[in-house]
Protein chains: 2
Amino acid sequence: MKGNGVERVAARLRHRGRRMTVQRRAVLEALAALGCARDAETIHARARAAYPKLGLVTVYRTLEAFVADGVAHPVFFGDGRVRYDLSEDGGHHHHLVCLSCGRIARVDECHLPPSRRLGRPQGFTVTAHRLELFGYCPRCAPKA
Amino acid sequence: MKGNGVERVAARLRHRGRRMTVQRRAVLEALAALGCARDAETIHARARAAYPKLGLVTVYRTLEAFVADGVAHPVFFGDGRVRYDLSEDGGHHHHLVCLSCGRIARVDECHLPPSRRLGRPQGFTVTAHRLELFGYCPRCAPKA
DNA sequence: CTCAGTGCAAACCTTTTGCAATAGT
DNA sequence: ACTATTGCAAAAGGTTTGCACTGAG
């Protein structure tokens with residue numbers, strides 16, 4: 001989603017027979033405001049600022065719908081919780097995760113060879129990939 | 001671990017005050033026999049062939065010890081379960097995962113630029129990365 | 001002989017599901 | 001109106017923890 005305005009997303013959802021509710025609007029706005037790779041609980045907390053009655057279960061179901069409709073996508077850091085990013089029409093991005101303070105930074109360039117080449121040796125047709133980088137942010141690097 | 005013989009691992013564990021037990025031997029052998037990225041339950045089932053009394057909890061604790069000692073490392077496909085690979089001294093590898101049949105293939109070449117360059121724009125010091133490729137294996141690609 | 005490791009049962013924590021009530025379109 | 005969506009409480013599913021017992025070094 002390039003201009004991920006609420007209207008654009010609403011249209012996208014309606015297309016699939018889905019409805020745009022106050023709850024979904026709140027989750028969408030939280031997602032946009034929080035930025036990269038936030039987990040359901042964080043999104044829930046933030047979205048509650050706009051709609052206090054919002055339940056965590058609704059956040060899970062909303063995120064599920066967003067993922068199915070290509071509005072958002074899951075990100076995994078391997079810490080046992082799923083995080084979510086708003087999808088961008090133009091491309092994808094990866095993340096730098098600070099092992100000391102947990103800070104997350106976007107990496108917009110993807111230095112990987114084209115998909116065709118990646119799976120060729122094993123005869124696989126690659127349709128997606130996930131890449132996460134771990135290390136220390138500028139603030140934590142000196143200490144570590 | 002290049003020659004990941006039991007003795008080599010045993011020595012590595014002892015070095016840290018750890019002990020080599022029948023259970024750990026069984027888990028280690030299961031890990032080696034099963035190959036790439038297997039989850040605790042699969043490892044448990046396999047290791048039980050060698051040591052039927054083995055409990056799942058012990059598998060988890062053994063894997064935790066192996067990871068701490070650099071004998072194995074976790075792999076995440078984002079399906080809610082942690083998988084494990086025996087570590088190799090020489091380098092690392094990634095995986096190709098078939099979205100249709102679940103088949104997993106090793107990718108030995110890592111086409112990524114050196115760590116220093118990856119985090120430079122954001123000032124991060126990159127110490128590790130995780131890359132998983134998803135798509136369809138030769139058997140499933142035609143149908144998909 | 002000592003302390004790391006084991007096994008069982010119970011706890012944990014994130015995510016999912018059932019169901020009656022609610023609200024977009 | 002019709003049915004997708006919500007919220008609660010409860011269930012699920014992978015992983016972790018407490019504790020008394022066992023066994024490697």
Side-chain angles (χ1 to χ4, degrees), chain A residues 6-7 9-28 30-31 37-45 47-48 50-69 71-84 102, chain B residues 6-7 9-30 37-45 47-48 50-69 71-84 102:
Chain A
V6 176
E7 295 325 315
V9 173
R12 191 134 170 178
L13 293 178
R14 239 164 321 195
H15 224 253
R16 308 258 198 139
R18 303 209 128 105
R19 295 168 184 179
M20 177 51 83
T21 62
V22 218
Q23 289 91 335
R24 290 189 177 169
R25 212 178 297 271
V27 170
L28 181 59
L31 220 33
R38 302 300 169 166
D39 59 87
E41 211 167 304
T42 305
I43 295 165
H44 180 222
R48 274 196 154 189
Y51 188 75
K53 278 183 294 205
L54 183 67
L56 178 57
V57 177
T58 297
V59 172
Y60 276 109
R61 279 191 283 224
T62 297
L63 290 170
E64 181 185 37
F66 282 0
V67 170
D69 293 351
V71 171
H73 61 268
V75 175
F76 308 95
F77 288 169
D79 62 346
R81 72 191 65 198
V82 183
R83 288 142 193 279
Y84 294 86
Chain B
V6 176
E7 295 323 317
V9 174
R12 191 134 169 177
L13 293 178
R14 238 163 311 173
H15 224 252
R16 307 258 198 139
R18 303 209 128 106
R19 296 167 183 177
M20 177 51 83
T21 63
V22 220
Q23 289 90 333
R24 291 189 175 173
R25 211 177 299 270
V27 170
L28 181 59
E29 267 150 16
R38 302 301 168 166
D39 58 87
E41 211 168 304
T42 305
I43 294 166
H44 180 221
R48 274 196 155 188
Y51 189 75
K53 279 181 297 205
L54 183 66
L56 178 57
V57 177
T58 298
V59 173
Y60 275 110
R61 279 191 283 224
T62 297
L63 290 169
E64 179 186 38
F66 282 0
V67 169
D69 293 353
V71 171
H73 60 270
V75 175
F76 308 94
F77 287 169
D79 63 347
R81 71 191 66 200
V82 183
R83 288 141 193 279
Y84 293 87

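A note on names: the letters A, B, ... follow the listed sequences, proteins ahead of strands, and every chain is numbered from 1. Values below: every heavy atom of this structure, side chains too, minus hydrogens, waters and symmetry copies.
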(message) Which is more 5' along DNA chain D, the nucleotide nearest A:Gly17 or the one nearest B:Gly80? Just name the residue.
(response) A:Gly17
(message) Please confirm whether the shortest side-chain N or O distance from B:Gln23 to OP1 or OP2 of D:dA24 is below 4.0 Å.
(response) no
(message) Taking only side-chain N and O atoms of B:Arg19, does any of them lie within less than 4.0 angstrom of OP1 or OP2 on D:dG25?
(response) no
(message) Taking any atom closer than 4.0 angstrom to a non-hydrogen atom of chain A, what span of DNA chain C does the protein reach, first nucleotide to last?
(response) C:dT14 to C:dT25
(request) Answer yes or no: is there a side-chain heavy-atom contact under 4.5 Å between A:Arg61 and A:Val57? (result) yes
(request) State, yes or no, whether a side-chain contact exists between A:Val27 and A:Leu54 at a heavy-atom distance under 4.5 Å. (result) yes
(request) Determine to 10° how strongly the helix from C:dC1-D:dG25 to C:dT25-D:dA1 is bent, judged from the axes of its five-pair ends. (result) 40°
For residues 73-81 of chain B, tabulate all N or O donor-acceptor pairs below 3.5 Å that involve a side-chain atom, not counting sequence neighbours.
unit_1  : atom_1 : unit_2  : atom_2 : d
B:His73 : ND1    : B:Ser87 : OG     : 2.9
B:Asp79 : OD1    : B:Arg81 : N      : 3.3
B:Asp79 : OD2    : B:Arg83 : NH2    : 2.7

Whole angstroms only, please: what is the [atom1]-[atom2] distance between [X] and [N]?
X	N	atom1	atom2	value
A:Arg24	D:dT5	CZ	C1'	6 Å
B:Met20	D:dG23	CE	P	18 Å
A:Leu63	D:dT5	CG	P	14 Å

(message) Both B:Arg61 and A:Arg14 contact DNA chain C. Taking the nearest nucleotide for each, which residue is further toward the 5' end?
(response) B:Arg61
(request) Kindly write out the residues that satisfy side chain to side chain donor-acceptor pair (under 3.5 Å) with B:Arg25, not counting sequence neighbours, or none if the list is empty. (result) none
(request) Mind listing the residues from residues 37-44 of chain B sitting with a heavy atom below 4.0 Å of DNA chain C? Number order is fine. (result) none
(request) Would you mind telling me which of D:dA24, D:dG14, D:dT5 lies closest to the side-chain atoms of B:Arg81? (result) D:dG14
(request) Please round to the nearest 0.5 Å and tell me the distance separating atom CD1 of B:Ile43 and atom CD of B:Glu29. (result) 13.5 Å
(message) Tell me which residues in residues 50-59 of chain B lie within less than 4.0 Å of DNA chain D, going by non-hydrogen atoms.
(response) B:Val57
